[in-house]
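Note on naming: letters A, B, ... go to the chains in the order of the sequence lines (proteins, then strands), and numbering restarts at 1 for each one. Just the heavy atoms: all of them, side chains too, but no hydrogens, waters or symmetry mates, feed the values below.
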Amino acid sequence: MAKKKPSKTKRAKRRTAPAKAAKKKAVQKNKKRKASVKGSASRRSAAKKSKRAAVKSKAPKVGRSKPRQASQSASRPASPRPAGATAPRYYITTAISYPNGAPHIGHAYEAIATDAIARFMRLDGYDTYFLTGTDEHGIKMLQTANREGVTPRDLVARNVPRFQAMVERLNCSNDDFIRTTDERHVRSSQAIWQRMAKNGDIYLSKYSGWYSVRDEAYYDEAETRVAENGVRLGPQGTPVEWVEEESYFFKLSAYQDKLLALYKNVPDFVLPKERLNEVASFVKRGLQDLSISRTTFDWGIPVPGKADVGKAKHIMYVWVDALTNYITAVGFPDTNDPKFKRYWPADLHVIGKDIVRFHAVYWPAFLMSAGVAVPRRIFSHGFLFNRGEKMSKSLGNVVDPFGLADAYGVDQLRYFLLREIPFGQDGHYSHEAIVNRINADLANDLGNLAQRSLSMIGKQRGGVLPQPGAFSDNDRAILAAADAMIGKARDAMKTQQLHQVLNAVWAVVADANRYFAGEAPWALAKTDPQRQGTVLYVTAEAIRQVAILAQPFVPTAAAKLLDLLAIPVGARSFAALGAAHRIAPQTALPAPAAVFPRYIEPEVAAT
RNA sequence: GGCGGGGUAGCUCAGUUGGUUAGAGCAGCGGAAUCAUAAUCCGGAGGUCGGGGGUUCAAAUCCCUCCCCCGCUACCA
């Protein structure tokens, strides 16, 4: 996922190093079907690396960056929105992406996962509001623009559309795409600032430390050393000088107890759980006040009011500006806005593990100071690592979201990322792993099952779904397994275990294949047509439920499959699952067509 | 350095209030079937459960210790 901006506190530590690399491990292979029943999941520890990366300390804002994506798209195939005034509401967000470059797979992963959750909740009857967007201010943006000889505004105008296009390409169903350069966000940020100031939590002081012009970073004195010639050098070997800059500070230190109380009262405020433990221990050690403005550059939101102290013109530094996007989108500062009243506090902020602290510490503290409710949950996902270089060999640019989508298909990419990686843990992707999932789970297991059963109905049943006879024990068993999916899915979704949802659904696909092979309807065609009809009916019903539950993950293909089963668009929500809504017999079905094509290695041309 | 998590089949993992022959998926091997997207089904094989001690009638599961990996954090220079 992504990370965001760095933080800094007065002297901050430097850390610049980006993440490291990946671990090792090998690849996996697999082909055939997979699907196991129990699930496995384990999310346990997510390993990860990243830590450094995040903070930096440079002078002014600096960039955040990374993850998330956004955009609102209009496409969103299946996934009707129930909404309705009486429906429970669900507000979910991704972190906003830092568009100082092109979107990468980390942004795509976060967008896809968040979209799957949003679609799931919608299908389950929640009036869901899904937000994503871009975090456009900061010194990194300014530096990138300068390097390229354009203005920050030009840079943003050029890059943001790519993020919007990515979200659309990935078939994300976001309801809004916020940009921190939106006028609404400027007002919102200034409003929350004033609320915090009014509460007595903002004061003017000095942000100082050993600053390296070359590194554009502040260092702790301990990180510096004096060279033989008397020049003090930073860890990178560059000269540093003592700099004091006027800055506004937020009294984060005053929120230690309140934050600890929050973590204690809401044990699942941060998931996976290990992350909350880390955050809590960090807070317990004591919090320093936070520098929240800068005067050395101006690409940011101006600090409101009498902010211009002396000659210095302050702009907000990163976090206040960035985090506030979540309330801006629902109408803040107008707390009477219908959207604000309905959707805030957010139910879930999906973010990268590198920015957990900012969301679990700063954000709730800002909100408490401003007198606004805190979000209900922060879910931190892991990082993705490309295992091996095989991917780029014959596929060229596959590491970028658009390239991956072109090479494998959007549904296939979504399925792979959400099924292969326990949500919350780091994951690896490789061409082999993706192809295995596509062919084994999608093409062989589900696609082939649908194809063989539906084509049988087409060829031997005149395209009409048979009227079933009395159900046998085997019939009842597979139907019961299908009926039980939604319960398992909801259970897994309570803690965003997306891979477990898919695990439960595909376990039924495996059951259905065993059932189909065991009943051998192709043989029954000659010996017992009535019984064959029952088997085909039961199989179609199982596929129907699988397809409905697969919609959040593979929206386009699932919709296509439901079309093949002639399921009305209005009967595709989770409310249609279970024994009370069996597929209607004697319905004319359209001619079957492949829903999940098998991935065939492109001809290597080659020499 | 402190705290926390983890080292189980080729790969990804599940399994710990201790107890029959340690499980799944994928890969691999063999067989069946032939409706289907060279897909499906079945079966065997495959593991000193990181190493070493210990407790116990019995330990992957408990205790001690060592090695390695990862995360948060601290500090040393």
- Message: Donor-acceptor check, side chain of A/Asp289 to backbone of A/Leu252, threshold 3.5 angstrom: yes or no?
- Response: yes
- Item | Rounded interatomic separation in angstrom, taking CD from A/Gln500 and P from B/G25 | 16 Å
- Message: For the residue pair A/Arg452 / A/Thr539, report whether a side-chain donor-acceptor contact shorter than 3.5 Å exists.
- Response: no
- Task: Write down the distance between CG (A/Asp426) and P (B/C13), rounded to a whole number of angstrom.
- Result: 11 Å
- Checking N1-N3 plus N6-O4 or O6-N4 for Watson-Crick, or N1-O2 and O6-N3 for wobble, each under 3.5 Å, the partner of B/G25 is B/C11
- Task: Figure out the CG/P separation between A/Asn439 and B/A39, and round it to whole Å.
- Result: 8 Å
- Can you tell which of B/A36, B/C41, B/G71 lies closest to the side chain of A/Arg275? B/G71
- Taking atom types as modelled, find out whether A/Tyr263 and A/Asn277 have a side-chain donor-acceptor pair closer than 3.5 angstrom. no
- Message: Can you say whether a donor on the side chain of A/Asn444 sits under 3.5 Å from an acceptor on the base of B/A39, or the other way round?
- Response: no
- Item | Among B/C13, B/A36, B/A39, the one nearest A/Gln425 by side-chain distance | B/C13
- Task: Using both distances under 3.5 Å as the test, list the Watson-Crick or G-U wobble partner of B/A33, or none.
- Result: none
- Between the side chains of A/Asn171 and A/Thr556, is a donor N or O closer than 3.5 angstrom to an acceptor N or O? yes
- Distance between P atoms of B/C57 and B/G50 (Å, rounded): 25 Å
- Task: Answer whether the closest heavy-atom distance between the side chains of A/Pro364 and A/Leu259 falls below 4.5 Å.
- Result: yes
- Message: Measure CG/A/Leu271 against C1'/B/G71 and give the value in whole Å, please.
- Response: 17 Å
- Query: With rounding to whole Å, what would you report as the distance between B/C66 and B/G30 at their C1' atoms?
  - Reply: 44 Å
- B/G19 and B/C63: how far apart are their P atoms, nearest whole angstrom? 15 Å
- Between B/G25 and B/A45 - P atom distance, rounded Å: 15 Å
- Would you mind telling me which of B/C42, B/U37, B/A36 lies closest to the side-chain atoms of A/Asn448? B/A36
- State the CZ-NZ distance between A/Phe596 and A/Lys560, to the nearest 0.5 angstrom. 9.0 Å
- Message: Parallel, tilted or perpendicular: which one describes the rings of A/His428 and A/Phe385, with boundaries at 30° and 60°?
- Response: tilted
- Mate of B/G71 across any strand shown (Watson-Crick or G-U wobble, both atom pairs under 3.5 Å) is B/C3
- Message: Please report the distance separating the P of B/G1 from the corresponding atom of B/A58, rounded so that it comes out in whole Å.
- Response: 36 Å
- Item | Candidate list A/Val538, A/Leu536, A/Asn474, A/Ile478, test side-chain contact (heavy atoms from CB on, under 4.5 Å), partner A/Glu519, passing option | A/Asn474
- Here the distance between atom P of B/U37 and atom CE of A/Met456, to the nearest Å, is 11 Å
- Query: Expressed in whole Å, how much space separates the C1' atoms belonging to B/C49 and B/A9?
  - Reply: 10 Å
- Message: Check this one for me: any side-chain N or O of A/Lys273 less than 4.0 Å away from OP1 or OP2 of B/G5?
- Response: no
- C1' atom, B/G15 versus B/A24: distance in rounded Å? 11 Å
- Strictly below 4.0 Å, heavy-atom distances to any atom of RNA chain B: list the hits from residues 518-547 of chain A, or just say none. A/Trp522
- Query: The side chain of A/Asn513 lies closest to which of these nucleotides: B/U40, B/C35, B/U37?
  - Reply: B/U40
- Message: Short of 4.0 Å, heavy atom to strand atom, which residues of residues 276-286 of chain A count as contacting RNA chain B?
- Response: A/Glu278, A/Arg285
- Query: To the nearest angstrom, how far is A/Arg598 atom CZ from B/A36 atom C1'?
  - Reply: 13 Å
- Task: Could you give the distance separating B/A60 and B/G18 at their P atoms, to the nearest angstrom?
- Result: 13 Å
- Message: Tell me whether the rings of A/Trp363 and A/Phe366 are parallel (<30°), tilted (30 to 60°) or perpendicular (>60°).
- Response: perpendicular
- Do the rings of A/Tyr599 and A/Tyr408 sit parallel, tilted or perpendicular, given the 30° and 60° boundaries? tilted
- Query: Which nucleotide, B/A39, B/C41, B/A36, lies nearest any side-chain atom of A/Ala517?
  - Reply: B/C41
- Could you state the CD1-P distance from A/Ile457 to B/C35, rounded to the nearest angstrom? 16 Å
- Chi-based syn or anti call at B/G6, which uses purine or pyrimidine torsion atoms and a 90° bound: anti
- Return the value, rounded to whole Å, for the distance between atom CZ of A/Phe516 and atom P of B/U40. 13 Å
- Classify the ring geometry between A/Trp319 and A/Phe358 as parallel (under 30°), tilted (30 to 60°) or perpendicular (over 60°). parallel
